[in-house]
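Accompanying notes for the structure given below.
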Amino acid sequence: MISGNSTQTAGPALRIENLDKYYGTFRALRSVNLSVERGEKIVVCGPSGSGKSTMIRCINRLEQHNAGRITVLGTELNDDVGNIDEIRREVGMVFQHFNLFPHMTVLENCMLSPMIVRRKPRADAEATARRYLEKVRIPEQAMKFPGQLSGGQQQRVAIARALCMQPQIMLFDEPTSALDPEMISEVLDVMVTLASEGMTMICVTHEMGFARRVADRVVFMDGGEIVEEAPPEEFFTASRNERTRQFLSQVLGH
Amino acid sequence: MSSLLRNQKVRNALLQLLYVGSIAALVLAGVVIARRNLAEQGITSGFDFLFKSTGWDVNFTLLPATANDPYWWFFLIGITNTLFLGTVGLMLATIVGTIVGLARTSSNELAQLLGRTYVDIFRNIPLILQVFFWYALITHLPTPRAAHEAWGFLLTSRGLYIPFPNVGGGTMALALFALLAAIALPLWLGRTSQLSQAIGQRRGIQFAGAAAALACAAIILAIGRLPDAPFIDFPALQGLNLRGGLRIPPEFSALAIAIAIYGGSYIAEIVRGGFQSVGKGQMEAALSLGLSPWRVFTLVRLPLALRAMLPILANQYVWLMKATTMGIAVGFTDFFMIVALTINHSGQTLEVIGILMAGFLAINLSLAALFNRLNKAIALKGNQLRG
């Protein structure tokens, strides 16, 4: 349990079976099924309120599902606290509003969890943090505080912070939705690089260009259900589903 | 000339001159009238009385006092009593407030209900009534002969008697200082990053620091112990009264409890607000990084909540420090009571009130200055409106 890498190395990275989630009497997820292979890049899209965020937040237990099974890297996500800890160590997450710790420097944001959860020595954690800050192209901001950075820079720090835990899966929950238009590409560029290096990624996003370029599969959700699941070229050009076509015409229409 | 009056800078300067001038005139008029009235009644003003002996005694003092001591010494006693009561009261109120505040923000509904009930009751009863209530309760406890006893502590109508080391005042102060160091040293060592290589190593260094300070405290107490007396002095019944140990008088206990409980209800609301102001996003990010709920609390929630709480907390502390003047209601010789007694005995009302005001200004301005510095030191950098 303690060793952190007791997760399996074979089998799918993630399997979601018949997932149900209720908020009171509102059914946010309706029997969702999704399987993600190692190294696969999934883009999840759909209208607001369709359950995209709820689904990926269930994967690291920021939301508790009510029925169904989630298996992450061979470990089942249930009430076992040990399992939850194990899964959270291996699954990084990037949020819409960055959620950096405002009272710590950029470097401290990146070093905190590796030092405490992975028990890395400080020097090690700092070296890793600087390496990932380099990777997201803001090594010079290491000693600044989050409030002193632009939105795009903050989001790149958030990506570096998640990567410092050296996770096997990365979840992105609308990472560019809170950014000014000119900052979106700097964040997407980092995500494209990450994808090209073979990271398993599940991204909730409305950036259809990114989906076309990077995704192995595009998952379209509506009303808490997965309506369609297809490779991007098929999804964007030859969708047979009425709801998908309507959504695409709204997103791509202008 | 008219063009000069239309200049904005000139206008502002004139207005300020007028403002300062009117205030100065008011103060001057007050002083002149007061002097003439005092002269008519044959009262000599001045501060000579400070050096006369008082001829009366105080019931609670941390400094040595006799009826022959001069007024200025009694003022000092009053200020130390006020500071002592204030410090104890504020610390207890903070502990109570933190517990109740956390109960109110917890997800447990019973805890929420208890917390809300506590705040509703104790915040809405005037402080002076609460002081009277606790004082009445304590003075109606059993007499020393029928005292409640537990672990050497005796609860009686004459106060709480606690076992106390047989040492002098200076030794006690030094030992307390060492004990404080035992708490502060690990915190300080934890912050200095050069020393902390890994978590495990840092723990070791912090532990060593605390142990060294505790050892110092033990050595100080051992050296300073009075000869021919047991190390710890247990209170015991002798005739009709209790001897030995340390007696905490009912007046002090009643005030400290009242301030703790009343202040605690206000601080609970500040604590609640502080924790509610912390964005859910930061906590989710910390959880998603694999930090345990306890780490999320100590490393993310608490530090951020503290920053939101501190300015309001400073306000509340200043308020509670002034609430120590309730001492006069139950006969605790705090600064205000000493001042009231001095007015009765010396008749130097204006001077003594002046001293009272200056004393409280000094105490509360220092408190505010301390908090402002603290606030500045931990303020979040940059623009926090984002995210």
Side-chain angles (χ1 to χ4, degrees), chain A residues 4 57 59-63 81 84-105 108-126 144-151 153-155 158 161-162 164-165 167 171 173 178-179, chain B residues 107 189-206 274-275 277-311 374-387:
Chain A
R57 285 163 58 86
I59 298 172
N60 63 355
R61 244 236 177 172
L62 291 183
E63 302 287 349
V81 179
I84 298 174
D85 285 348
E86 199 173 310
I87 288 169
R88 283 183 177 160
R89 275 198 295 270
E90 300 301 332
V91 178
M93 188 163 195
V94 175
F95 299 84
Q96 180 178 358
H97 295 288
F98 334 132
N99 298 353
L100 295 174
F101 308 132
H103 58 304
M104 299 180 191
T105 62
E108 286 166 342
N109 263 280
C110 293
M111 290 164 60
L112 179 73
S113 196
M115 281 177 67
I116 286 166
V117 180
R118 294 259 194 235
R119 302 194 166 272
K120 273 195 181 184
R122 175 172 281 267
D124 256 20
E126 185 173 336
K144 286 202 183 162
F145 285 84
Q148 297 167 319
L149 305 183
S150 73
Q153 290 172 322
Q154 288 194 52
Q155 193 60 300
R161 176 177 69 177
C164 282
M165 281 294 283
L171 308 175
D173 188 2
L179 295 177
Chain B
S107 51
L189 287 172
R191 289 198 72 94
T192 43
S193 51
Q194 295 92 327
L195 282 169
S196 51
Q197 289 301 316
I199 288 271
Q201 218 171 331
R202 190 165 73 192
R203 286 269 162 72
I205 295 168
Q206 285 174 312
F275 277 98
S277 77
V278 179
K280 232 181 136 203
Q282 270 75 30
M283 271 145 24
E284 287 182 344
L287 285 173
S288 79
L289 284 165
L291 294 168
S292 65
W294 172 247
R295 292 291 195 180
V296 176
F297 179 80
T298 57
L299 295 170
V300 178
R301 255 186 106 195
L302 184 64
L304 290 177
L306 217 51
R307 285 167 170 83
M309 276 151 48
L310 216 54
L374 209 59
N375 219 359
K376 232 177 227 155
I378 66 167
L380 296 175
K381 315 267 184 313
N383 171 18
Q384 291 305 323
L385 291 175
R386 249 184 265 124

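Quick note on labels: first sequence line is chain A, next is B, and so on, each numbered from 1. Everything numeric here is computed off the predicted structure, so don't read it as measured data.
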*Checking heavy atoms, do the side chain of A:Arg161, its backbone, both or neither come under 4.5 Å from chain B?*
both
*Are side-chain heavy atoms of A:Met93 and A:Leu62 found at a separation under 4.5 Å?*
yes
*Determine which residues belonging to residues 285-293 of chain B lie within contact range of chain A, meaning some heavy atom pair is under 4.5 Å apart, and list them by number or answer 'none'.*
B:Ala285, B:Ala286, B:Leu287, B:Ser288, B:Leu289, B:Gly290, B:Leu291
*Heavy atoms, side chains only, cut-off 4.5 Å: are B:Ile378 and B:Leu374 in contact?*
no
*asked:* Any heavy-atom pair between the side chains of A:Pro102 and B:Gln282 that's under 4.5 Å?
replied: yes
*May I have the step-by-step check of side-chain contact (heavy atoms from CB on, under 4.5 Å) for A:Phe95 and A:His97, ending in yes or no?*
CA-CA 5 Å; A:Phe95 299 84; A:His97 295 288; 5.7 Å; no
_Donor-acceptor pair, side chain of B:Arg301 and main chain of B:Val296, under 3.5 angstrom_ = no
*asked:* Check this for me, if you would: do A:Arg122 and A:Glu108 make a salt bridge, where the nitrogen-to-carboxylate-oxygen distance has to be below 4.0 angstrom?
replied: no
*Does a side-chain heavy-atom distance below 4.5 Å link B:Phe275 with B:Leu302?*
yes
*By a 4.5 Å heavy-atom criterion (distance strictly below it), what part of B:Leu299 contacts chain A: side chain, backbone, both, or neither?*
both
